[in-house]
Participant: 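Can you keep this structure in mind? I'll have questions shortly.
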Number of protein chains: 2
Amino acid sequence: MKNKYKDESALLKAIAHPMRLKIIELLLLELPTEGCSVNAIQKKLTIPQSTISQHLQILKNKGIIDGSKTGTRVCYRVIDKRAAKILKILKP
Amino acid sequence: MKNKYKDESALLKAIAHPMRLKIIELLLLELPTEGCSVNAIQKKLTIPQSTISQHLQILKNKGIIDGSKTGTRVCYRVIDKRAAKILKILKP
DNA sequence: TTGTATTATTTATATATTTAAATAAAGCGG
DNA sequence: CCGCTTTATTTAAATATATAAATAATACAA
């Protein structure tokens, strides 16, 4: 049977968290001017680094973001178009 | 502080379930020809009535759907435009 | 009124998610 | 090499979610 919405719900579930929505917003909007590193994200939010890394891994595992490492830093960016579209619907 | 994404994540979380996505799809697409009652929904899916009712209450509590009762039946319909838009993004 | 159909709620259990601290790993500067 | 910075992972505990059975509530029909 088709139309089981398994993948789709997994995508939504990964996005459906206040912190992760905020992270996606940061990566979409402030990535050009400010940084895209974990550290840059952490400076914006007020939560421990490990928590941020964990959220980033959740997003990465679903293919919503991707990270490119240079030195010790990792620059994350949003690669799933649907995530960006959904964010625009939520905050038009 | 603004932009906490609390409401937005609650909306997504309510939608982020295979069964609930399917229910929303049914209500959006088959509501004209087929029925919009809990029973009509149950005939499409293969899960117990109580489970469907519970999913419907979750969607209703977030204002995603609304139900109008006539007799013993309740006709549900999607009232949140964002939910419909998100579904269209997921299944274009 | 009695029974039947439809939907909602309660209860219990299993599973998943969230969080932060602690620790590990990996690269760079001195 | 040593210490520092940056990021990831593991662990444990708290909280939330999902599921189905059982039960309740309601309206209608006979």
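Computed from a predicted model, the values in this text were never measured in an experiment.
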Participant: Decide, yes or no, whether a salt bridge links Glu8(A) with Lys91(B) under the criterion of side-chain N to carboxylate O below 4.0 Å.
Facilitator: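 Result for this pair is yes, salt bridge flagged.
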Participant: Please confirm whether any donor atom in the side chain of Thr72(A) sits under 3.5 Å from an acceptor in the base of dA26(C), or the reverse.
Facilitator: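 Not at all, since no donor on one side and acceptor on the other fall under 3.5 Å apart.
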Participant: Nearest to the side chain of Pro48(A), which nucleotide is it out of dA8(D), dT17(C), dA21(C)?
Facilitator: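 From the listed options, dA21(C) comes nearest.
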Participant: Find out if a path of hydrophobic residues (ILVMFWY) with successive side-chain heavy-atom gaps under 4.5 Å connects Ile79(B) to Ile24(B).
Facilitator: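 Cluster IDs for Ile79(B) and Ile24(B) differ.
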Participant: Rounded to the nearest Å, what distance is computed from the NE2 atom of residue His17(A) to the P atom of nucleotide dT17(C)?
Facilitator: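 Result: 12 Å.
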Participant: To the nearest angstrom, how far is Ile65(A) atom CD1 from dA8(D) atom C1'?
Facilitator: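 Whole-Å distance recorded here is 13 Å.
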Participant: How long is the line joining CD of Gln54(B) and C1' of dA16(D), in whole Å?
Facilitator: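 Rounding to the nearest Å, CD of Gln54(B) and C1' of dA16(D) are 15 Å apart.
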Participant: Should Arg73(A) be listed as having a side-chain N or O under 4.0 Å from OP1 or OP2 of dA26(C)?
Facilitator: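 For Arg73(A), the contact criterion (side-chain N or O under 4.0 Å from OP1 or OP2 of dA26(C)) is not met.
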Participant: Would you say a side-chain N or O of Asn39(B) is under 4.0 Å from OP1 or OP2 of dT7(C)?
Facilitator: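 So the side-chain polar atoms of Asn39(B) do come within 4.0 Å of the phosphate oxygens OP1 or OP2 of dT7(C), strictly under.
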Participant: Is the phosphate of dA8(C) approached by Tyr76(B) (side-chain N or O, under 4.0 Å from OP1 or OP2)?
Facilitator: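 For dA8(C), OP1/OP2 do have a side-chain N/O of Tyr76(B) under 4.0 Å.
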Participant: Using whole Å, report how far CG of Leu45(B) lies from P of dT7(C).
Facilitator: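 Distance check: Leu45(B) CG to dT7(C) P gives 13 Å.
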Participant: What distance do Arg82(B) atom CZ and Leu12(B) atom CG have between them, rounded to the nearest 0.5 Å?
Facilitator: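 Taking CZ in Arg82(B) and CG in Leu12(B), the distance rounds to 8.5 Å.
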Participant: If you compare every side-chain N and O of Lys13(A) against the phosphate oxygens of dT17(C) (OP1, OP2), does one of them come in below 4.0 Å?
Facilitator: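 Indeed, a polar side-chain atom of Lys13(A) lies that close.
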Participant: Is any NZ, NE, NH1 or NH2 atom of the basic residue among Glu30(A) and Lys44(A) found under 4.0 Å from an Asp or Glu carboxylate oxygen of the other?
Facilitator: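 Salt bridge between Glu30(A) and Lys44(A), a charged N being under 4.0 Å from a carboxylate O: yes.
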Participant: For Gln42(A) and dT6(D), give me the distance from atom CD to atom P, rounded to whole Å.
Facilitator: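 Roughly 10 Å, once rounded to whole Å.
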